[in-house]
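Here is the structure we will look at, set down as structure tokens.
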2 protein chains.
Amino acid sequence: MNMTTAEENYLKAIYHLSDGGKKSVSTNDVAAEMKTKPASVSDMLRKLGDKEVIEYRKYYGVNITEEGKKRALQTIRKHRLWEVFLVDKLQFAWDEVHEVAEELEHIQSPLLIQRLDAYLNYPKFDPHGDPIPDEYGDVRARPRVALNEMEIDQTGQIVAVKDSSAAFLRYLDKVGAYIGARIKVLDKVEFDGSLEILVDQKKTLFMSKDVAANILAIQS
Amino acid sequence: MNMTTAEENYLKAIYHLSDGGKKSVSTNDVAAEMKTKPASVSDMLRKLGDKEVIEYRKYYGVNITEEGKKRALQTIRKHRLWEVFLVDKLQFAWDEVHEVAEELEHIQSPLLIQRLDAYLNYPKFDPHGDPIPDEYGDVRARPRVALNEMEIDQTGQIVAVKDSSAAFLRYLDKVGAYIGARIKVLDKVEFDGSLEILVDQKKTLFMSKDVAANILAIQS
DNA sequence: ATATTTATTTAGCTATATCTAAATTATTTT
DNA sequence: AAAATAATTTAGATATAGCTAAATAAATAT
Ligand SMILES: [Mn+2]
Ligand SMILES: [Mn+2]
Ligand SMILES: [Mn+2]
Ligand SMILES: [Mn+2]
């Protein structure tokens, strides 16, 4: 059963909003995520329900089915592989890849993705630190914690960002935060939750709680 | 002015059918090329006429405009660059690339094409020997002759194929004809126009006139 | 328990891209 | 110059994907 580009985009949004299928998702949430109107979402939910990639109960939101999860993960896999390609091979910056990957992820060719994966040397994470599902949809998730949840003196390594918007990524570039950086929490301000972070044992960085909440680390 | 995928495909077809804008093209020819119905073509021609990429006079066929030519060449450029990528980097065979390139050519990102071009080292020809227009739409065409038009004892080098169908390309693989091969016409059969060709000074090949007409060479 | 607010769906419309069948125009043959 | 044929367009469908405005259902407050 083939899906259109719009259907794939909706299904991916539902997958993300439902936290990988763990929660049910409301029409309005989907509309906000897709920057469309709830009325349009209702139509699409009915269609996705007919295709049995979601379970749709009018007025009570949707749950993604196993089949839907599988398909969403395939689209996510393609999106992230293309992002790696753009950064590793075509020298795109990590804040320039999302829009293009959003289009490339809909190209239909299993051979293409298989070869691309091999060509990129079977990457496990995309340029934003998000894990790349394998061809069966399996994801090896690492235990990650947002910087604002770390305590003073704790150390770790930045492994991903929660917000992949160009604005946020360029801000990180500017202040010198990047994926792979070793960090230590030097101070936390009680008043506003802002933090002082030591990066690579040499550079000190001040960041708001909002920024910290969008940076993910593994603790060491 | 943005064009849809369907509009881009139609415009490319009109460009090819018109021999790069040299001839006018009929509705039925476009329908045959696009594997669609003349009624659908009439609708699309009106739209393309409104956008001034073709000049459309009802019942008298269409001519592509300068603007249309420019746009068609951009799509062709993208198509052929992607074909080079698939063959050179992802180890696709030359008979496997067309379908995928037909999708990839519609990805909208000038940066992507510019970087892809550089990454591929500014290739001048695609895997089928067709020239790749530069970013301004300029094409450096070589003087090419179909094998069936060569005379006995003439020599040359295969540079392109006219028919890029998988069936034809696999046939060429099977008999050992390829782009770059040095050839010599050993014999031409008067009766049916079939030829005997020496490939790379060692292998003798028999081919029908139909096959020969779809192989292009530069003479030496 | 009723009223109000919020969330969601339905109805009706627009735009794209296709189709078939009918109508029309152009071309060719007699 | 008609008649026949071929080419093309128009009319009226269908399917996708979006919209606004109105209707309705669910949740919350009084
Ligand atoms: Mn997308
Ligand atoms: Mn990403
Ligand atoms: Mn195409
Ligand atoms: Mn080609």
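Per chain, numbering begins at 1; letters A, B, ... match sequence-line order. Only this structure's heavy atoms are used, side chains among them; waters, hydrogens and symmetry mates stay out.
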task: Would you sort out whether Asp126(B) and His79(B) count as a side-chain hydrogen bond (donor to acceptor under 3.5 Å, both in side chains), showing the intermediate values?
output: CA-CA 9 Å; Asp126(B) 84 359; His79(B) 184 106; 5.9 Å; no
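Here the C1' atom of nucleotide dT8(C) and the CE atom of Met34(A) are 18 Å apart, to the nearest Å. Whole-Å rounding puts the Leu11(B) CG to dT16(C) P distance at 17 Å. Spacing between atom CG of Leu48(B) and atom C1' of dT16(C) amounts to 13 Å, rounded to whole angstrom units. The distance between atom CG of Asn2(B) and atom P of dT16(C), rounded to the nearest whole Å, is 12 Å.
Because its NZ or CZ atom is both nearer than 6.0 Å to the ring centre of Tyr119(B) and within 45° of the ring axis, Lys89(B) counts as a cation-pi partner of that residue.
Contact annotation: the side chain of Ile132(A) approaches that of Val84(A) to within less than 4.5 Å [non-hydrogen atoms, C-beta and beyond]. For the pair Leu111(A)/Glu96(B), a side-chain contact is recorded, criterion being any heavy-atom separation below 4.5 Å from C-beta on. Contact annotation: the side chain of Arg142(A) approaches that of Phe125(A) to within less than 4.5 Å [non-hydrogen atoms, C-beta and beyond].
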statement: Once base and sugar-phosphate atoms are separated, protein heavy atoms under 4.0 Å mark nucleotides 5-17 of chain D, 5' to 3', with B, S and - as --SBBB-----SS
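Between Thr36(B) and the phosphate of dC19(C), there is a side-chain N or O to OP1/OP2 separation shorter than 4.0 Å.
Side-chain contact of Ser26(B) with Asn28(B): a donor-acceptor pair under 3.5 Å is absent, judged by distance alone.
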